[in-house]
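From a predicted model like this one, the values you see are computed outputs, not experimental measurements. Convention: sequence-line order gives letters A, B, ...; per-chain numbering from 1.
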Amino acid sequence: MAEVRLVDIEKKYGSFLAVSKQSLTIHDGEFLVLLGPSGCGKTTTMRMIAGLEDITSGDIMIKGERINDKPPKDRDIAMVFQNYGLYPHMTVRQNIEYPLKLRGVKRGERKTRVQETADKVELGALLDRRPSELSGGQRQRVALARAIVRTPSIFLMDEPLSNLDAKLRVTMRAELKHLHHELGVTTVYVTHDQMEAMTLASRVAVMREGKIVQLDTPKKIYAEPADLFVAGFIGSPSMNLIDGSVKGGVFRADGVEIPVPLEDRSGVVLGIRPEELDISQGPNAPINGKLYALELTGESTLVTLRNGPTSVCARGHADFEADINSPCHLTPKDGARFHLFDRASGERLG
Amino acid sequence: MQDRLLPYWLLIPAFIIVLATTIYPLAYSFITSFREWDLTKSRRPGDFVGFDNYIYAASESAFLNSLWVTFIFVITSVILTVILAMALALLLRRKGPMHTFTRIILILPFAMSPALIGVSYRFMFNPEFGVLAQGLGAVFPALQGVPWLADPDLAMAILVLTDVWHWTPYMTFMCLGGLASIPRETEEAARIDGASNLRIVFGIILPQMRGVILVMAVLKTIFALKMFDQVVTLTGGGPGTSTETLAYFIFNVGFRWFDMGYASALAWILTAIMMFISIWYVRMLLSERKMTTA
Ligand SMILES: Nc1ncnc2c1ncn2[C@@H]1O[C@H](COP(=O)(O)OP(=O)(O)OP(=O)(O)O)[C@@H](O)[C@H]1O
Ligand SMILES: [Mg+2]
């Protein structure tokens, strides 16, 4: 059980700034997700916590103790590597057993714990294979098992589910959530799958180009993205972001007229989530255009409308049908949230 | 039609040259190994004597001695070279100006001709004016005036030393190549799992270097079996016959005593040993492949 505190940590590779002066406190028992696009510094941040990467400047504290110079093995962490890092010369069983062996766990107990863990990640039948004889997803599960077989005070997981098929990913996600609930171990979890972030996290830190742009609960991040980048990154399908301007208290873009509480200005982006739009009949709807595409997702149909440069997507009823290129109208639901951003700076306006 | 055959025509000169310079002498020496042929008596090969040359070898003490000498030389030089190279590579693996510089100067011993190495070590271990002999004597008084190359065991040790000195750099580069191909994460995972540096080297790195070490050991064995120049220039096989390796012994039989039939037989014995090692090596390598890929 441990609190992890990053204080102004910075990482430079030569002159390239991979992580810039970030501070972040991960509470005891928290499940913190680092979310961001490829190359934003998620793995680097995690490697610094693990002690695998020197910190250019700043401090890392675990349980209130500064551990900048402590070797990884003394930090009491377990890590799942993005590219597994399995021991190729050992069988699956030996891979999972290795951390226990190094920590002096007795043979009998090792055996039961390896078996239990392997069953948890559905590897029971593969214990005597070598990593080279496994699929990507199976290797990932071995890496996961190797991390969870021990109960450290911090878990670091770098995209541990990225190579699993959709079904197994959902199962493992639930398994991880349950495991976290059971053990209550502080967890830092890297992903660029926002669905994973939303479902697992106590809090999400959205990163971009080495900076944390927003740190909040999943709910808050979804409801109130701090800037244009977060708005576009969170949610699936992603939030509609319409370029336009405000005049006389009305946001205007091609085919769009929506009253907003904002002074006159140009270069405004209005954001609205697809699930907060209804498909309406009348021509006097706030959003008008021609039907561009229909995509059935199973439980609903994604309706995309276009008008000039404007493109808006709405989540409609699964039974919705219409001809492509026919006129189409969308109305925000009652209580729908409009997000307003400045186009140039990306900052939130209201 | 013409165009299709052209590549074959162009290959013919190379084919003839290889045939004339390697295949023909090989076949000729193989046939000679079953004949009696004393070059001092006749310029033409003599009668076929069946396996007599081979049978004679099995009971000749000079040959058996050379086999033993070769065995000792090969075993010690291979083991020492591989261990040293591996250790050096582990030290030089990290990046840094010092590491780069050391890597560069490491090429020098390998760039030197083996015959020259023999000559220079012969001088350096001269008890009267040799740099190494004098230096060792100055640091360890007990070693003053030791007749290095005149002592059978010390002569062998110095022979091995020159060979290790010559080959370690090259083998170090092979190790560095092997180390670079080990995924960084395996070592890092072990570090997090709680392994000490020693355990990481022996439990994680070396097992993954198995294939590379195997290749190195076999290559080095074959090079050591063929080693000839240093014996000639350093010890001349002496003192006595204490450093008379098989390659050197064959040379003596053929070109001092001109016993061509016997020398050919001995050469084929050496070839058989090398072939045996090579085949064993290919087998090991194939089973290694099966283990790590799939
Ligand atoms: N050893 C290194 N030397 C130089 N630059 C590096 C090194 N490691 C990472 N970087 C750079 O640092 C930045 C952050 O890398 P990092 O691996 O943390 O990204 P990431 O957020 O984990 O991305 P992904 O989602 O693709 O895994 C990248 O631009 C990368 O190119
Ligand atoms: Mg990464």
Side-chain angles (χ1 to χ4, degrees), chain A residues 13-14 43 46-53 70-91 94-105 129-135 138-140 142-150 152 154-158, chain B residues 82 86 89-91 93-100 174-217 281 283-294:
Chain A
Y13 291 111
T43 299
M46 187 161 266
R47 287 173 59 84
M48 287 193 287
I49 299 175
L52 298 172
E53 208 75 65
K70 257 197 181 177
K73 72 176 159 73
D74 297 334
R75 300 187 179 195
D76 199 18
I77 49 180
M79 180 158 171
V80 180
F81 287 85
Q82 189 166 5
N83 35 12
Y84 326 131
L86 299 180
Y87 309 126
H89 55 293
M90 299 185 194
T91 61
Q94 290 166 329
N95 263 281
I96 302 175
E97 196 179 12
Y98 198 62
L100 297 178
K101 213 165 161 180
L102 289 175
R103 311 249 163 190
V105 178
R129 296 230 194 136
R130 281 178 196 273
S132 58
E133 299 161 337
L134 300 178
S135 74
Q138 290 167 336
R139 287 179 207 191
Q140 201 151 38
V142 179
L144 201 59
R146 189 176 59 181
I148 63 180
V149 71
R150 208 160 58 80
I154 301 163
F155 277 129
L156 302 175
M157 304 193 177
D158 198 349
Chain B
V82 169
M86 197 65 231
L90 284 170
L91 289 175
R93 166 166 72 124
R94 316 233 169 269
K95 290 198 178 81
M98 185 69 188
H99 297 78
T100 312
M174 281 188 77
C175 284
L176 281 170
L179 284 175
S181 68
I182 295 180
R184 185 175 67 157
E185 283 79 9
T186 57
E187 190 189 329
E188 292 174 343
R191 211 162 280 273
I192 289 177
D193 283 346
S196 61
N197 284 334
L198 214 61
R199 264 196 110 132
I200 288 175
V201 169
F202 287 100
I204 304 294
I205 295 180
L206 289 185
Q208 294 189 69
M209 291 284 287
R210 246 183 67 129
V212 176
I213 292 174
L214 197 67
V215 173
M216 279 167 51
Y281 151 68
R283 284 207 166 162
M284 287 286 281
L285 208 63
L286 285 181
S287 71
E288 174 87 2
R289 286 273 149 74
K290 230 180 271 163
M291 213 178 72
T292 51
T293 59

With a 4.5 angstrom heavy-atom cut-off, could you sort out which part of A:Leu86 is near chain B: side chain, backbone, both or neither?
-> backbone
Separation of B:Arg199 CZ from A:Lys73 NZ (nearest 0.5 Å) = 11.5 Å
Residue pair A:Leu102 / B:Ala195: nearest heavy atoms and the distance that separates them = CD1-N, 3.4 Å
Provide the closest heavy-atom pair for A:Gly85 versus B:Glu185 in the form atom of the first, atom of the second, distance.
-> CA-CB, 3.5 Å
Drop me the distance from A:Met79's CE to B:Glu188's CD, to the nearest 0.5 angstrom.
-> 7.5 Å
Contact class of A:Arg75 relative to chain B, heavy atoms under 4.5 angstrom = neither
Do A:Tyr87 side-chain atoms and B:Ala190 backbone N/O form a donor-acceptor pair below 3.5 Å?
-> yes
Over all heavy atoms of both residues, which pair between A:Met90 and B:Ile204 is shortest? Give the atoms and the distance, please.
-> CE-CD1, 3.9 Å
Less than 4.5 Å apart, any side-chain heavy atom of B:Gln208 and any of A:Pro88?
-> yes
Measure the spacing between CG of A:Asn83 and CZ of B:Arg184 and express it to the nearest 0.5 Å.
-> 8.5 Å
Option that, when pairs with chain B are counted at under 4.5 Å, heavy atom only, ranks first among A:Arg150, A:Gln82, A:Arg47 | A:Arg47
Taking the side chain from A:His89 and the backbone from B:Met209, do they hold a donor-acceptor pair closer than 3.5 Å?
-> no
If you look at every heavy atom in B:Ile192 and A:Phe81, which pair is closest and at what distance?
-> CD1-CZ, 4.1 Å
